[in-house]
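Please read the structure below before turning to the comments.
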Amino acid sequence: MSQVGDYSDKVMDHFMNPRNVGEIDGASGVGTVGNAVCGDIMRMYLDIDKGGVIRDAKFKTFGCGAAVATSSMATELVRGKTTDEALAVTNKAVMEALDGLPPVKVHCSLLAEEAIHAALWDYAQKNNITIEGLKPPVTDINETKEFYEMQDV
Ligand code: FES
């Protein structure tokens with residue numbers, strides 16, 4: 001695997017050519033999560049059919065390259081999945097799909113995971129359904145337990 005600096009080819013590709021950038025009009029669920037420390041913000045839009053399958057996912061990210069790349073990969077990973085399956089798309093899964101991130105950029109991938117959760121939560125609230133294992137979203141990833149654990153590494 002060739003690298004640009006500490007970034008894999010896949011990270012560079014998804015940063016330079018991000019997939020699924022934009023908004024979805026009348027999205028089934030929209031989630032916005034930020035990181036108050038770096039100031040980066042990610043918004044995720046999901047279009048979910050009546051069977052609970054994600055037909056489309058789009059994003060808008062105002063943030064670092066790793067945040068753009070992880071949002072792009074996250075939208076690719078959740079497309080075609082059920083809401084339950086999308087809940088299992090963790091930041092680790094996103095990082096693996098990108099062939100890894102430098103340690104100092106791992107926290108950026110949490111934005112992608114939390115933005116998916118926030119959009120799923122919005123969808124669940126609007127449709128009065130429960131997605132097993134889905135917790136209320138945070139607006140700032142610094143509020144998550146995972147983020148604190150990363151700071152200890
Ligand atoms: Fe803020 Fe990457 S530095 S999300």
Side-chain angles (χ1 to χ4, degrees), residues 1-25 27-48 54-81 83-125 131 133-153:
M1 177 180 72
S2 65
Q3 304 262 325
V4 177
D6 284 337
Y7 293 108
S8 71
D9 287 345
K10 279 194 188 164
V11 172
M12 288 310 295
D13 180 30
H14 279 263
F15 170 54
M16 302 297 280
N17 308 292
R19 324 303 197 261
N20 313 314
V21 175
E23 301 176 14
I24 297 175
D25 278 344
S28 316
V30 183
T32 305
V33 182
N35 180 342
V37 173
C38 63
D40 292 351
I41 296 171
M42 188 181 294
R43 180 168 294 161
M44 191 75 69
Y45 300 81
L46 298 177
D47 176 26
I48 301 170
I54 298 171
R55 280 188 294 222
D56 197 7
K58 290 200 183 298
F59 78 93
K60 280 191 153 179
T61 291
F62 301 91
C64 72
V68 171
T70 52
S71 338
S72 169
M73 183 53 87
T75 56
E76 290 281 87
L77 291 177
V78 299
R79 281 173 140 208
K81 286 193 165 56
T83 53
D84 285 351
E85 290 166 345
L87 189 58
V89 175
T90 60
N91 74 305
K92 288 192 182 70
V94 173
M95 281 195 298
E96 274 171 28
L98 287 168
D99 292 338
L101 281 174
V104 292
K105 288 289 175 182
V106 169
H107 73 274
C108 314
S109 65
L110 258 191
L111 268 185
E113 178 181 323
E114 291 300 326
I116 293 169
H117 290 181
L120 288 172
W121 181 265
D122 183 42
Y123 161 75
Q125 294 287 105
I131 298 174
L134 180 62
K135 298 194 190 77
V138 296
T139 53
D140 177 1
I141 61 160
N142 295 281
E143 295 163 18
T144 63
K145 185 169 151 281
E146 289 85 353
F147 187 78
Y148 277 109
E149 284 169 358
M150 276 178 198
Q151 305 314 296
D152 295 332
V153 179

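Every number for a ligand or one of its atoms is a count from 1 in the order of the listing. It should be emphasised that the depicted structure is a prediction, and the values quoted were computed from it without experimental measurement.
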Exercise for the section: Assess Met42 for proximity to ligand 1: is some non-hydrogen atom of it under 4.0 Å away? Expected result: no

Practice task
Mind checking the OG1-CG spacing from Thr70 to Leu101? Nearest 0.5 Å is all I need.
Solution key: 7.0 Å

Problem - Enumerated ligand 1 atoms positioned under 4.0 Å from heavy atoms of Lys105 - result: 2 (Fe), 3 (S)

Problem - Value rounded to 0.5 Å, distance of CD1 in Ile116 from CG in Leu134 - result: 11.5 Å

Handout entry: Salt bridge Asp13-Arg19, side-chain N to carboxylate O under 4.0 Å
Key = yes

Practice task
Using the side chain to side chain donor-acceptor pair (under 3.5 Å) rule, collect all pairs that involve residues 112-124, keeping only residues at least two apart or in two chains.
Solution key: Asp122-Lys126

Exercise for the section: Hey, could you give me the CE/OG1 distance between Met44 and Thr32, rounded to the nearest 0.5 Å? Expected result: 10.0 Å

Problem - Separation of Thr83 OG1 from Ile54 CD1 (nearest 0.5 Å) - result: 7.0 Å

Fill in the blank from the handout: Listing protein N, O or S under 2.8 Å around atom 1 (Fe) of ligand 1 gives Cys38 SG, Asp40 OD2

Handout entry: Nearest-0.5 Å distance, CZ of residue Arg43 to CG of residue Leu111
Key = 13.0 Å

